[in-house]
Amino acid sequence: MANLKEIKRKIKSVQNTQKTTRAMKLVSTAKLKRAEMAAKQSRVYAVKINEVLSEIAYKINQYKNGAAESRFFDKNETPSTIDVIFVTADKGLCGGFNIQTIKAVRNLLTENAEKKVTVRLRAVGRKGMAFFNFQGTELLTSYAGVSSSPSYEKAQEIIQSAINDFVEGKTDKVILVHNGYKNMISQELKIVDVVPVQSPLETLETSSLMELEPDESGEEILDSLLQKYFEFNMYYALVDSLAAEHSARMQAMENATNNAKERVGILTLAYNKARQESITTELIEIISGVESMK
């Protein structure tokens, strides 16, 4: 016969867990609303500045003007060294959110190892740092406490280090990897080649976002635009990742709450069955005692 006290203790324990996961879901829902708004507002600017730089890259490569020699627009089909900046969460309990990013980074390591290409990792977020440290994989730079509270200043610091190495010729490409926000219940893995700047042809033959008219300040304008492009792509990755993290944690906590509810139901059924068996046994003992006294 099952121990009634033990079953009752398990029910109480699962109910306490259910309360905790429900509270965490509510907290994540509240945080998600703010993070979602920041991500959506940043997305508009990020998309536009990427479109502008894509068109510039296209025109530079198409017409081969003076800026064509810039490494930022020079297509390198055989890079020897690549920097990968990847963003994970500082905290867990968000389902497979971090695993998706980590898998993508590991795939990049494997694919480039086969091509004899050196990959340097720059980690943002404690979960990614912990994983690769445990695996014994060297991290060039690590940033903790950034993904949970993004700031434009920190984004500048992270991306500038990678861009400086690119300008100095230490690397040939910079890739940004993060799990981004898609909607309330799903995330979308994003792998972006930050530099060299890409120029998809389909974007640019039909409509023009701007007309390039070289003048004496053209180089300064381009440098300023490139700087904004680098910094904002990094900042957007941080805020987009944070929104995705909250949506993933909200979903994970909802699933955990539902699982706890189901477990309580199973334990309650077992408790009632054990209690019924106990009562039946006691009745049999009483009846047997009465019969023996006759």
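Nothing fancy with the numbering, it's 1 onward along the sequence. Nothing here was measured: the structure is a model prediction, and the numbers come from that model.
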Trainee: Return the minimal non-hydrogen interatomic distance between N98 and K91, and the atom names on each side.
Mentor: ND2-O, 3.8 Å
Trainee: Please check: side-chain N/O of S161 versus main-chain N/O of E157, any donor-acceptor pairing under 3.5 Å?
Mentor: no
Trainee: With distance as the sole test, does T29 use its side chain to make a donor-acceptor pair with the main-chain N or O of K25 at under 3.5 Å?
Mentor: yes
Trainee: Answer with yes or no after comparing the ring centroid distance for F72 and F230 against a 6.0 Å cut-off, counting only values under it.
Mentor: yes
Trainee: When clusters are formed by joining ILVMFWY residues with side-chain heavy atoms under 4.5 Å apart, either directly or through shared neighbours, do I102 and F97 land in the same one?
Mentor: no
Trainee: Applying the side chain to side chain contact (heavy atoms under 4.5 Å, CB included) test to I85, which of V177, I175, I159 qualifies?
Mentor: I159
Trainee: Once rounded to the nearest 0.5 Å, what's the spacing between atom NE2 of H246 and atom SG of C94?
Mentor: 10.0 Å
Trainee: For S247 and A244, indicate whether the former's side chain and the latter's backbone hold a donor-acceptor pair under 3.5 Å.
Mentor: yes
Trainee: In Å, rounded to the nearest 0.5 Å, how long is the span from CE of M250 to CD of E245?
Mentor: 13.0 Å
Trainee: Give a yes or no on whether the ring-centroid distance for Y236 and Y152 is below 6.0 angstrom.
Mentor: no
Trainee: Pair D83, R122 - check salt bridge (Lys or Arg N to Asp or Glu O under 4.0 Å), show working.
Mentor: CA-CA 7 Å; D83 266 4; R122 298 174 181 269; 2.9 Å; yes
Trainee: Any side-chain to backbone donor/acceptor pair from N112 onto V117? Under 3.5 Å, distance only.
Mentor: no
Trainee: Give a yes or no on whether the ring-centroid distance for F131 and F134 is below 6.0 angstrom.
Mentor: no
Trainee: Hey, is CD on Q276 packed in by over 12 heavy atoms from elsewhere, all under 6.0 Å?
Mentor: no
Trainee: Answer yes or no: does atom CD of E262 have more than 12 heavy-atom neighbours from other residues, nucleotides or ligands under 6.0 Å?
Mentor: no
Trainee: How close do L93 and A252 get, heavy atom to heavy atom, and via which atoms?
Mentor: O-CB, 4.1 Å
Trainee: Taking it one step at a time, do K40 and E36 satisfy salt bridge (Lys or Arg N to Asp or Glu O under 4.0 Å)?
Mentor: CA-CA 6 Å; K40 285 182 176 179; E36 181 186 21; 3.3 Å; yes
Trainee: Quiz question: by atom type and distance under 3.5 Å, do the side chains of N179 and T101 form a donor-acceptor pair?
Mentor: no
Trainee: Would a hydrophobic clustering, with Ile, Leu, Val, Met, Phe, Trp and Tyr connected at side-chain separations under 4.5 Å, put F86 with L189?
Mentor: yes
Trainee: Hey, mind stepping through I185 and N183 against side chain to side chain contact (heavy atoms under 4.5 Å, CB included) and telling me if it holds?
Mentor: CA-CA 6 Å; I185 59 174; N183 53 50; 3.3 Å; yes
Trainee: Set out, in order, the CA-CA distance, both residues' side-chain angles and the distance that settles side chain to side chain contact (heavy atoms under 4.5 Å, CB included) for Q227 and Q160, then state yes or no.
Mentor: CA-CA 9 Å; Q227 193 64 32; Q160 196 58 53; 2.4 Å; yes
Trainee: Nearest heavy-atom pair of L4 and R275: which atoms, and what distance?
Mentor: CD2-N, 3.5 Å
Trainee: Could you check R22 against M253 for side chain to side chain contact (heavy atoms under 4.5 Å, CB included), going step by step and ending with a plain yes or no?
Mentor: CA-CA 7 Å; R22 186 185 292 116; M253 291 302 100; over 6 Å; no
Trainee: Side chain to side chain contact (heavy atoms under 4.5 Å, CB included) with I158: which of T141, I163, V146?
Mentor: V146
Trainee: Please check if the side chain of N3 supplies one atom and the backbone of K5 the other of a donor-acceptor pair under 3.5 Å.
Mentor: yes
Trainee: Would you please test S42 and F232 for side chain to side chain contact (heavy atoms under 4.5 Å, CB included) and show each step?
Mentor: CA-CA 8 Å; S42 300; F232 207 84; 4.0 Å; yes
Trainee: Linking I/L/V/M/F/W/Y whenever any side-chain heavy atoms sit under 4.5 Å apart, do V14 and I11 land together?
Mentor: yes
Trainee: Starting at OH of Y181, measure out to CG of D240 and round the result to the nearest 0.5 Å.
Mentor: 10.0 Å
Trainee: So does Q135 have more than 12 non-hydrogen atoms from other groups sitting under 6.0 Å from CD?
Mentor: yes
Trainee: Just by distance, with hydrogens left out, do D165 and T171 show a side-chain donor and acceptor under 3.5 Å apart?
Mentor: no
Trainee: Okay, side chain of T137, backbone of N133: is any donor-acceptor separation there less than 3.5 Å?
Mentor: no
Trainee: Is there a side-chain contact between Y229 and M234, using heavy atoms and a 4.5 Å cut-off?
Mentor: no
Trainee: Minimum heavy-atom separation for R126 to T88, with atom names?
Mentor: N-OG1, 4.5 Å
Trainee: May I ask you to test the F132-E138 pair for a side-chain heavy-atom distance under 4.5 Å?
Mentor: no
